[in-house]
Q: 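After the structure tokens below, expect a handful of questions from me.
Within every chain, numbering begins at 1; the chains are lettered A, B, ... in the order of the sequence lines, protein sequences first and strands thereafter. When reading the values below, keep in mind they use all heavy atoms of this one structure, side chains included, and skip hydrogens, waters and symmetry mates.
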There are 2 protein chains.
Amino acid sequence: MVKFSKKLEYALISLRHISNAGAEVTRVRDISEKYNIPHDLLAKILQKLKKENILDSSQGINGGYTLNRKLNEIPLSELVNIIENSTSIVECMHDEDNNCMITDSCTIKDPLSRIQSEFENILKTKMISDFV
Amino acid sequence: MVKFSKKLEYALISLRHISNAGAEVTRVRDISEKYNIPHDLLAKILQKLKKENILDSSQGINGGYTLNRKLNEIPLSELVNIIENSTSIVECMHDEDNNCMITDSCTIKDPLSRIQSEFENILKTKMISDFV
DNA sequence: ATAAAACCGGACTAATATAGTCGTATTTAA
DNA sequence: TTAAATACGACTATATTAGTCCGGTTTTAT
Ligand code: SF4
Ligand code: SF4
């Protein structure tokens, strides 16, 4: 029912590492080798975090990543949305593509919608620093 | 990150329906047809709930299911464990089969373990009646 | 200049988890 | 005895997640 995806875990591990490195740049390879995370997969995750301004990056032979925001100011909800595109607990609440065939006769939409709100509030309250 | 499985949703819809039916027995077919849920899949879900004493069943031509416990006395945690066998948010916390290759170098196990406890408490507090 | 090492990004494949199906046995009222 | 229901386990199909591959571009030490 609830499962942190590997991508999300890799992101958390990386953010912790990069945060600890301070001003020093961290290469994808550093993290990849230290924690045994597939290089190419990790690279794409960090690229996404860069694109969303959570990380800074510099290219070139001495390039790498640094942290652009403080971990205690990034809510988990934001990270989950970046990595997994959605925080909805059932498909019918992810407006874009609701394919549920039983929407019309479904009797639990409303209560689940309440739960959804509660859940989103929790995700907004928890900061990345709580997870590393 | 968090997603109610269809099985779980079908279980909730069924429990609500059976609860509303009171002493009258409900057949799998009644629910299956009313809510457009695949019959055989639903049957197995209800069988499981019967096995765990959440439902009562009677066989034979006039058979069917009735509720054996009150919905406001069944915590969500129990239903999730029945339907999905686990409430762990990462594989390394589901003792039986931890295949995570990076367990040794993982830096987020401890914080996630705290989150896991918090999460389980929420699941224990929420009753099925909150979801229907 | 050029080589090296990084970032970038899309298409692809592999592995796993979820959803759904099928066949058969058992029970029971009529 | 037959029809309609639960009960169980093996199977298949689909969707999601995880991971790979490849062909770029950018930067910088030499
Ligand atoms: S309509 Fe009901 S069954 Fe379908 S996705 Fe929404 S909550 Fe789940
Ligand atoms: S060891 Fe770390 S990465 Fe592996 S499952 Fe546990 S929390 Fe996730």
Q: Rounded off to whole Å, could you give me the CG-to-P distance for the A:Leu42 and C:dA6 pair?
A: 13 Å

Q: How long is the line joining CG of A:Asp40 and C1' of C:dA6, in whole Å?
A: 13 Å

Q: Could you give the CD1-to-P distance, from B:Ile45 to C:dT21, as a whole number of Å?
A: 12 Å

Q: Between protein and nucleotides 24-30 of chain C, map the contacts as a letter string: B base, S sugar-phosphate only, - none, heavy atoms under 4.0 Å, written 5' to 3'.
A: ---BBS-

Q: B:Ile37 has an atom CD1; how far is it from atom C1' of C:dA19, in whole Å?
A: 13 Å

Q: Grab the two heavy atoms, one from B:Leu46 and one from B:Ser14, that are nearest each other, plus how far apart they are.
A: CD2-CB, 3.8 Å

Q: Specify the residue among B:Val28 and A:His39 whose closest nucleotide of DNA chain D lies further upstream toward the 5′ end.
A: B:Val28

Q: Answer yes when A:Lys6 and B:Glu91 have at least one side-chain N-carboxylate O distance shorter than 4.0 Å, and no when they do not.
A: yes

Q: Quick check: does any side chain N or O of A:Glu52 sit under 3.5 Å from a backbone N or O of A:Ile82, one acting as donor and the other as acceptor?
A: no

Q: When you measure from the side chain of B:Asn68 to the backbone N and O of B:Asn53, does any donor-acceptor pair fall under 3.5 Å?
A: yes

Q: Verify the distance criterion only: is there a donor paired with an acceptor across the side chains of A:Glu84 and A:Ser5 at less than 3.5 Å?
A: yes

Q: According to the salt bridge (Lys or Arg N to Asp or Glu O under 4.0 Å) rule, which pairs have a member within residues 24-51 of chain A, sequence neighbours left out?
A: A:Arg27-A:Asp30, A:Arg29-A:Glu33

Q: Looking only at the side chain of B:Gln47 (C-beta and beyond, no hydrogens), which of the listed nucleotides D:dC8, C:dC8, D:dT20 gets closest?
A: D:dC8

Q: Decide yes or no on side chain to side chain contact (heavy atoms under 4.5 Å, CB included) for A:Leu67 and A:Leu15, but give the supporting numbers first.
A: CA-CA 8 Å; A:Leu67 201 59; A:Leu15 285 173; 3.9 Å; yes

Q: Between A:Arg69 and A:Glu78, is there a salt bridge with N-O shorter than 4.0 Å?
A: yes

Q: Might you point out which heavy atoms bring A:Glu9 and A:Phe4 nearest each other, and give the distance in Å?
A: OE2-O, 3.6 Å

Q: Would you say B:Val25 ends up clustered with B:Leu49 if hydrophobic residues are merged whenever their side chains have heavy atoms under 4.5 Å apart, either directly or through other cluster members?
A: no

Q: Side-chain donor-acceptor contacts of residues 122-132 of chain B below 3.5 Å, not counting sequence neighbours, with atom names and distances?
A:
{"residue": "B:Thr125", "atom": "OG1", "partner": "B:Asn121", "partner atom": "O", "Å": "2.7"}
{"residue": "B:Lys126", "atom": "NZ", "partner": "A:Glu118", "partner atom": "OE1", "Å": "2.8"}
{"residue": "B:Lys126", "atom": "NZ", "partner": "A:Glu118", "partner atom": "OE2", "Å": "2.9"}
{"residue": "B:Asp130", "atom": "OD2", "partner": "B:Met127", "partner atom": "N", "Å": "2.9"}

Q: Looking at DNA chain D, which of residues 3-22 of chain A put a heavy atom within less than 4.0 Å of it?
A: A:Ser5, A:Lys6, A:Lys7, A:Tyr10

Q: Of the listed nucleotides (C:dC8, C:dT21, D:dA7), which one gets closest to any side-chain atom of A:Tyr65?
A: C:dC8

Q: Going by salt bridge (Lys or Arg N to Asp or Glu O under 4.0 Å), name the residues that satisfy it together with A:Lys7, two or more places apart in sequence or in a different chain.
A: none

Q: Rounding to an integer number of Å, can you tell me how far A:Asn85 CG sits from D:dT17 C1'?
A: 13 Å

Q: May I have the distance from B:Glu33 (atom CD) to D:dA4 (atom P), rounded to whole angstrom?
A: 13 Å

Q: At under 4.0 Å, does any side-chain N or O of B:Lys50 touch on OP1 or OP2 of D:dA7?
A: yes

Q: Check the interface with nucleotides 11-13 of chain D: list each N/O to N/O pair with the protein under 3.5 Å, or write none.
A:
none

Q: Answer yes or no: does a side-chain N or O of A:Arg29 lie under 4.0 Å from OP1 or OP2 of C:dA6?
A: yes

Q: Using whole Å, report how far CG of A:Leu49 lies from P of C:dG9.
A: 13 Å

Q: Go nucleotide by nucleotide along DNA chain C from the 5' end; which of A:Lys51 and B:Leu41 gets its closest nucleotide reached first?
A: A:Lys51

Q: Rounded to whole Å, please give me the gap between CE in A:Met101 and P in C:dT18.
A: 22 Å

